[in-house]
Protein chains: 2
Amino acid sequence: MKPRLQKTDRLRRLVEVIEDDPFITDRELACLFRVSIQTVRLDRLELGIPESRERTRRLAKEATNKVRSVETGEVIGDLIHVKLGQEGISVLETDKDMAFRRTSIVRGHHIFAQANSLAVALVDAEIALTGTATVKYLRPVKAGERLVAKAEILSRSGRRHVVKVTTKIGHEDVFAGEFTVFAVEEPEGYSEDSRRGFN
Amino acid sequence: MKPRLQKTDRLRRLVEVIEDDPFITDRELACLFRVSIQTVRLDRLELGIPESRERTRRLAKEATNKVRSVETGEVIGDLIHVKLGQEGISVLETDKDMAFRRTSIVRGHHIFAQANSLAVALVDAEIALTGTATVKYLRPVKAGERLVAKAEILSRSGRRHVVKVTTKIGHEDVFAGEFTVFAVEEPEGYSEDSRRGFN
DNA sequence: TCTGCTATTAAGACTTGGTCATAATACCTA
DNA sequence: TAGGTATTATGACCAAGTCTTAATAGCAGA
């Protein structure tokens, strides 16, 4: 039963190698594992791994989506609870892409962005602009930690809302901020078809 | 000279369409422009546009790089001048990926991130952490505008630095903030091989 | 030893989305 | 009518696969 062991071993390594370099072709893989192309194809078939071009295509789509959703996404973090004009909760799973490689410490602007997004989302208006923000970083956040931000509208006078946001990991406070968010009726010449959204 | 006009027109549109959807094939393009596949290929040849698969490949590579550099990059914006412990200037070219689609208004956290990055970069220490930040958004920024952030260390007492950042577009102030940045000697158990970097 | 099983390799036909070279045709204009 | 560009067609070829069918190798148990 030695060949079978060799095979399962190869299958495991195959997954690793392809994950490491999704652009690799069957020919290259065959060469790498010193087997025939057909064997590699059978292996891929068995593992349900698509061909090189398909992998590349998916990567391209996913990556472009990622850039759009992370960078342009309407809200940073998942809104798991929102009472418009009152309070809300947002969850952000941090990962290594948000952190410094060397320290694994999540960059501050992600934490800020989550809080800011949540503050803006609470304001019941077509367009909401952050005017000022006062924030405190209470302790560094490591990649992989789950940020739970809770926000509450402290006061409102006309179009001006004061929103308090507290971000925790478990029971520990890691960030606190106060945002002044303005509700705007008209786009003020900044857009033609705008509905909502600043910050 | 009508066909020539039609052609240059088609070439312009071709660039647009491909930019809009890089995954599109020659066959689809031919169908779209109501010309033969050969014409599309000649057009691409003339414009130096690579084939669909090549475009996809580049996109995948570039996008994966982009996610890393934009998200993980040590500094948001280009540091064009830094006097460690004193002052610095950073430039950030905004684009539509940083803005809301509907309004073309750049999301606040990018402006914050540039200012914060610059503030941290000025502090001459192995590791620098932002403690607090007080910021004001003075007017919305449209995608495409060039943000010039100037920062100056106002005061320093021990490891605590107060950094003032002003961001302008041309001569107009769009953002102002004050950051308290702490210089840290030891990683305080948050990392093993850390050198510099928080926020 | 023969049979059966898995693993591997091979061979062949077909697909997609092209490249490259060559030739034919269409259209317009001087 | 000749010359030019623009367009289309044709055919050979390629990379990197798919899918099917078949041959071979190596070992294990009856």
Side-chain angles (χ1 to χ4, degrees), chain A residues 1-69, chain B residues 1-69 96-97:
Chain A
M1 286 291 183
K2 228 174 188 178
R4 187 176 264 166
L5 270 169
Q6 283 182 344
K7 188 188 175 185
T8 54
D9 198 47
R10 191 184 60 227
L11 292 185
R12 259 191 294 105
R13 288 217 43 213
L14 191 75
V15 175
E16 288 172 13
V17 169
I18 290 180
E19 236 162 58
D20 190 60
D21 175 16
F23 304 102
I24 200 166
T25 63
D26 288 357
R27 191 179 309 278
E28 292 169 317
L29 286 167
C31 189
L32 198 73
F33 290 114
R34 310 223 160 236
V35 293
S36 70
I37 287 192
Q38 286 76 5
T39 302
V40 172
R41 310 243 224 244
L42 280 175
D43 286 354
R44 276 201 300 103
L45 195 72
E46 206 174 322
L47 293 165
I49 298 174
E51 59 170 301
S52 152
R53 287 173 301 210
E54 176 62 18
R55 292 194 302 264
T56 307
R57 235 195 71 244
R58 290 187 190 184
L59 235 168
K61 287 205 170 172
E62 189 204 308
T64 44
N65 281 345
K66 201 174 177 184
V67 170
R68 297 216 190 293
S69 71
Chain B
M1 286 293 183
K2 227 174 190 178
R4 187 175 266 167
L5 270 169
Q6 283 181 340
K7 188 190 175 184
T8 53
D9 198 48
R10 191 186 57 229
L11 292 184
R12 258 191 296 106
R13 289 218 43 214
L14 191 75
V15 175
E16 288 172 13
V17 169
I18 290 179
E19 236 162 58
D20 191 61
D21 175 15
F23 304 103
I24 200 166
T25 63
D26 287 356
R27 192 179 308 277
E28 292 170 316
L29 287 167
C31 188
L32 198 72
F33 291 114
R34 309 220 161 240
V35 292
S36 70
I37 286 192
Q38 286 76 8
T39 303
V40 173
R41 311 241 226 244
L42 280 176
D43 287 355
R44 276 201 300 102
L45 195 71
E46 207 174 322
L47 293 164
I49 298 173
E51 60 170 298
S52 152
R53 286 174 302 212
E54 176 63 17
R55 292 195 301 266
T56 307
R57 235 196 69 245
R58 290 189 190 184
L59 235 167
K61 287 202 171 174
E62 188 204 307
T64 43
N65 283 344
K66 201 176 176 186
V67 170
R68 298 216 188 293
S69 71
K96 60 176 170 32
D97 288 339

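The chains referred to below are lettered A, B, ... by the order of the sequence lines, with proteins before strands, and numbering in each begins at 1. From a predicted model like this one, the values you see are computed outputs, not experimental measurements.
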Does L42(B) reach a base, just sugar-phosphate, or nothing at all? Heavy atoms under 4.0 Å.
base

On a heavy-atom basis, which atom in F23(A) and which in S52(A) lie closest, and how many Å separate them?
O-OG, 3.5 Å

OP1 or OP2 of dT8(D) less than 4.0 angstrom from a side-chain nitrogen or oxygen of T39(B), does that happen here?
yes

What's the separation between atom OG1 in T56(B) and atom CD in E51(B), rounded to the nearest 0.5 Å?
9.0 Å

Could you list all N or O pairs between the protein and nucleotides 14-17 of chain C that sit under 3.5 Å apart?
unit_1, atom_1, unit_2, atom_2, d
dG17(C), O4', R53(B), NH1, 3.2
dG17(C), N2, R53(B), NH2, 3.3
dG17(C), N3, R53(B), NH1, 3.4
dG17(C), N3, R53(B), NH2, 3.0

Nearest-Å distance, CG (L45(B)) to C1' (dT7(D))?
15 Å

Using a cut-off of 4.0 Å on non-hydrogen atoms, how would the nucleic acid contact of R55(B) be classed: base, sugar-phosphate, or nothing?
nothing

Rounding to an integer number of Å, can you tell me how far R34(B) CZ sits from dT7(D) P?
16 Å

Just how far, in rounded Å, is P of dG18(C) from CD1 of I49(B)?
12 Å

To the nearest 0.5 Å, how far apart are CG in L45(B) and CD in Q38(B)?
13.0 Å

Each stem that DNA chain D is part of, given as range with range (3 or more consecutive Watson-Crick or G-U pairs, under 3.5 Å):
C:1-30 with D:1-30

Carefully, step by step, assess V40(A) and L32(A) under the rule side chain to side chain contact (heavy atoms under 4.5 Å, CB included).
CA-CA 10 Å; V40(A) 172; L32(A) 198 73; over 6 Å; no

What's the separation between atom CG in D43(A) and atom NZ in K7(A), rounded to the nearest 0.5 Å?
6.0 Å

Could you check how far CD of Q38(B) sits from P of dT5(D), rounded to whole Å?
20 Å

What distance do E16(A) atom CD and L14(A) atom CG have between them, rounded to the nearest 0.5 Å?
9.5 Å

Can you measure E46(A) atom CD to dT6(C) atom P for me and round it to whole angstrom units?
12 Å

Rounded distance in Å - CG (L11(A)) to C1' (dA7(C))
11 Å

Given P50(B), which partner from the list R55(B), R44(B), R57(B) fulfils the side chain to side chain contact (heavy atoms under 4.5 Å, CB included) test?
R55(B)

Euclidean distance, R41(A) CZ relative to I49(A) CD1, rounded to 0.5 Å
14.0 Å

Interatomic distance, D43(B) CG vs dT7(D) P [rounded to whole Å]
7 Å

Working for side chain to side chain contact (heavy atoms under 4.5 Å, CB included), residues F33(B) and V17(B)
CA-CA 10 Å; F33(B) 291 114; V17(B) 169; 4.1 Å; yes

Taking NZ from K7(A) and P from dC27(D), how many angstroms apart are they, rounded to a whole number?
17 Å

